[in-house]
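Read through the structure below, which is laid out as structure tokens, and then see the notes.
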There are 2 protein chains.
Amino acid sequence: MSGQELKTEERILEAAGDIFGNKGFKDTTIRAIAQAANVNIAAVNYHYRDKMGLYGAVLEDVFQTGFSRFPAQSGQDLTSTPEQRLRTFIQAMFLRLQSAEGWGGFSGKGRLIARELLDPSPAFEPVIERYIRPHKDLLVSIIKDILQTDPGQQILLSCAISIIGQCIYYSFASKVIDKISVENRPTEENIERLADFVWTFSLGGIARIREDLIISGEEQR
Amino acid sequence: MSGQELKTEERILEAAGDIFGNKGFKDTTIRAIAQAANVNIAAVNYHYRDKMGLYGAVLEDVFQTGFSRFPAQSGQDLTSTPEQRLRTFIQAMFLRLQSAEGWGGFSGKGRLIARELLDPSPAFEPVIERYIRPHKDLLVSIIKDILQTDPGQQILLSCAISIIGQCIYYSFASKVIDKISVENRPTEENIERLADFVWTFSLGGIARIREDLIISGEEQR
DNA sequence: AGAAAAATAAAACATTTGTTTTAACACTTC
DNA sequence: GAAGTGTTAAAACAAATGTTTTATTTTTCT
């Protein structure tokens with residue numbers, strides 16, 4: 001072995017995560033990954049069959065570690081209020097997307113999910129079923145508890161999209177946000193504050209939607 | 001001229017907008033554009049110097065037509081409430097991003113902005129200054145009017161990001177949203193409803209932020 | 001109409017890049 | 001320790017693709 005910490009296969013996975021995240025699938029060259037991982041070009045094909053195979057492995061790895069390190073619900077969630085559960089959910093989302101121990105915020109793997117949302121690859125399909133959909137279901141159930149009524153899938157989903165959209169936009173548009181306002185850059189120190197802002201904003205949003213539901217419900221009588 | 005409606009230069013611009021939007025810069029080949037535009041490959045280089053030159057022209061054209069067709073404020077905005085102005089702003093944003101007369105929603109140019117937010121190209125810089133920044137300033141001033149107080153740039157910006165994030169997420173993640181819930185797909189018929197949902201949600205969010213400001217303001221005394 | 005300029009077309013070029021091949025090396029197992 | 005298996009390295013290949021060149025056609029201007 002060539003005297004490095006991790007072995008070839010893992011070094012490739014690590015380097016590939018960063019470069020794929022930063023530049024996207026097409027813009028990433030196997031040669032760049034090989035160089036960053038200090039590995040021969042052929043090693044990539046040897047271990048992962050082809051570029052797409054490597055990408056699929058990266059995707060699975062990134063989601064696996066991200067969701068296990070920052071679960072969307074904490075242990076004592078069953079006893080806490082739905083509002084608190086929403087806070088846990090949003091905080092985890094920000095930490096997962098932005099923190100260095102997570103997907104590395106600015107120059108890291110967090111942008112992989114943004115890329116997949118924009119241009120889903122075949123490798124994303126299983127990730128959706130295993131991670132995204134349950135994640136969405138959890139959020140919807142939290143929202144339902146906050147609303148204290150079931151307004152139907154359409155409105156629940158709209159609420160969920162509004163919340164997720166806020167969170168992901170920070171990692172999505174980070175470069176432009178940075179250009180316009182440094183203070184709102186999702187750095188390590190800002191993460192918690194930004195997450196709590198989104199939390200408060202979303203609670204207000206849900207509350208207003210609830211009021212609207214009640215009003216239109218009364219009108220219908 | 002080869003018996004087509006528009007002349008070569010414009011046909012290239014039109015085709016390039018769609019393909020760049022759908023597949024991104026790197027994934028788009030000049031040959032594909034030439035074929036879609038019914039034009040020789042060399043015509044692209046002849047009229048736009050190189051691929052990047054064409055991309056820059058597309059970007060400018062897309063933003064120019066988008067913002068002139070769907071301005072973020074209507075004529076009588078000065079007399080209307082800030083809440084109504086926010087509604088106009090959000091509706092315009094959805095129409096711009098999603099309608100067929102705008103940036104074409106699902107398979108169109110709306111995704112160009114998403115791509116630029118993720119990976120800003122040099123050609124985006126002037127677009128930011130000419131369109132994005134004034135657009136942001138307008139939104140911030142509306143929010144300030146709704147809050148009836150100035151909480152400082154940081155919170156104003158956070159509000160703006162939360163609102164913009166919701167809007168853009170629909171065009172950003174449209175493919176995945178479609179996979180999870182067809183009802184929330186931003187089609188022509190859904191646009192207005194979705195925009196009004198985001199509007200209501202955001203008004204609630206801003207209201208809650210305002211309450212928080214007042215509380216923390218009183219505590220400080 | 002004729003010359004000059006602009007536009008279009010076809011082919012050739014040069015570069016990048018994913019992949020394969022072949023050989024050398026390292027490690028495991030009996 | 002030798003055979004076999006797994007891994008790494010260098011070079012070669014083949015396809016894709018942006019760009020240029022050169023020739024031809026069309027348009028414009030006087």
Side-chain angles (χ1 to χ4, degrees), chain A residues 1-61 112 115-116 119-124, chain B residues 1-61 112 115-116 119-124:
Chain A
M1 219 171 295
S2 29
Q4 318 239 3
E5 309 250 334
L6 305 91
K7 40 180 151 175
T8 308
E9 199 172 339
E10 297 166 316
R11 289 211 310 282
I12 294 175
L13 203 67
E14 191 56 37
D18 268 346
I19 305 184
F20 275 136
N22 270 326
K23 317 191 51 166
F25 182 79
K26 196 63 181 288
D27 259 350
T28 297
T29 69
I30 291 195
R31 280 170 178 82
I33 294 173
Q35 188 173 10
N38 227 316
V39 146
N40 187 274
I41 319 170
V44 174
N45 291 347
Y46 177 78
H47 286 284
Y48 296 97
R49 184 184 178 91
D50 57 17
K51 193 183 177 185
M52 197 60 210
L54 170 60
Y55 184 78
V58 165
L59 219 55
E60 172 59 31
D61 177 68
L112 264 178
R115 294 188 191 284
E116 282 294 335
D119 302 305
S121 71
F124 197 49
Chain B
M1 222 172 292
S2 30
Q4 318 238 3
E5 310 250 332
L6 305 91
K7 41 180 154 179
T8 307
E9 199 171 340
E10 299 165 312
R11 289 212 309 282
I12 294 175
L13 204 66
E14 190 58 36
D18 268 346
I19 305 185
F20 276 136
N22 271 324
K23 316 190 56 167
F25 183 78
K26 196 64 181 289
D27 258 351
T28 298
T29 70
I30 292 196
R31 281 169 177 82
I33 294 174
Q35 187 173 11
N38 226 317
V39 147
N40 188 275
I41 318 170
V44 174
N45 291 319
Y46 177 78
H47 286 284
Y48 296 97
R49 188 184 175 89
D50 57 16
K51 192 184 176 184
M52 198 58 209
L54 170 59
Y55 185 78
V58 165
L59 219 54
E60 171 60 31
D61 177 68
L112 263 179
R115 294 186 189 285
E116 283 294 334
D119 303 304
S121 71
F124 197 50

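Hydrogens, waters and symmetry mates play no part in the numbers below; they use all other heavy atoms, side chains included. Numbered from 1 within each chain, the chains take letters A, B, ... in sequence-line order.
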Quiz item: Side chains of A/Phe20 and A/Lys51: closer than 4.5 Å at any heavy-atom pair?
Solution: yes

Exercise. From the options D/dA10, D/dT19, D/dA12, select the nucleotide whose nearest atom is closest to the side chain of A/Arg31.
Key: D/dA12

Quiz item: Whole Å only: how far is the CG atom of A/Asn45 from the C1' atom of C/dT17?
Solution: 11 Å

Exercise. For B/Tyr46 and C/dA6, give me the distance from atom OH to atom C1', rounded to whole Å.
Key: 4 Å

Exercise. Report yes if a side-chain nitrogen or oxygen of A/Thr29 is closer than 4.0 Å to either non-bridging phosphate oxygen (OP1 or OP2) of C/dT16; otherwise report no.
Key: no

Practice problem: Output the single nucleotide from C/dA10, D/dT19, D/dT8 whose closest atom is nearest the side chain of B/Lys51. | Solution: D/dT19

Exercise. Would you mind telling me which residue lines up with the more 5' stretch of DNA chain D, A/Ala43 or B/Ala42, judged by nearest nucleotide?
Key: A/Ala43

Exercise. Considering just the side-chain nitrogens and oxygens of A/His47, establish if one lies under 4.0 Å of OP1 or OP2 belonging to D/dG6.
Key: no

Quiz item: To the nearest Å, how far apart are B/Gln35 CD and C/dA10 C1'?
Solution: 16 Å

Quiz item: Of the candidate nucleotides C/dT8, C/dT19, D/dT19, which contains the atom at the shortest distance from the side chain of A/Asp50?
Solution: C/dT19

Self-check item: Nearest-Å distance for atom pair OH/C1', residues B/Tyr48 and C/dA7
Solution: 14 Å

Quiz prompt | A/Asn22 backbone acceptor or donor facing A/Arg115 side chain under 3.5 Å | solution = yes

Practice problem: Can you tell me the distance, in whole Å, between the CG atom of A/Asn40 and the P atom of D/dT8? | Solution: 9 Å

Quiz item: Counting only heavy atoms not in A/Gln35, do more than 12 sit closer than 6.0 Å to its CD atom?
Solution: no

Quiz prompt | B/Leu6 vs B/Leu13, side-chain contact (heavy atoms from CB on, under 4.5 Å): CA-CA, chis, key distance, verdict | solution = CA-CA 10 Å; B/Leu6 305 91; B/Leu13 204 66; over 6 Å; no

Quiz item: To the nearest angstrom, how far is B/Ile41 atom CD1 from C/dT8 atom P?
Solution: 14 Å

Practice problem: Round to the nearest Å and state the distance from A/Ile33 atom CD1 to C/dT19 atom P. | Solution: 11 Å

Quiz item: Roughly how far apart are A/Ile30 CD1 and A/Ile19 CD1, rounded to 0.5 Å?
Solution: 11.0 Å

Quiz item: Rounding to a whole Å, what distance do you find between A/Glu9:CD and C/dA26:P?
Solution: 20 Å

Quiz item: What's the closest nucleotide to the A/Lys26 side chain, out of C/dT19, D/dG6, D/dT17?
Solution: D/dT17

Quiz item: Which nucleotide, D/dT20, D/dT8, C/dT19, lies nearest any side-chain atom of A/Thr8?
Solution: D/dT8

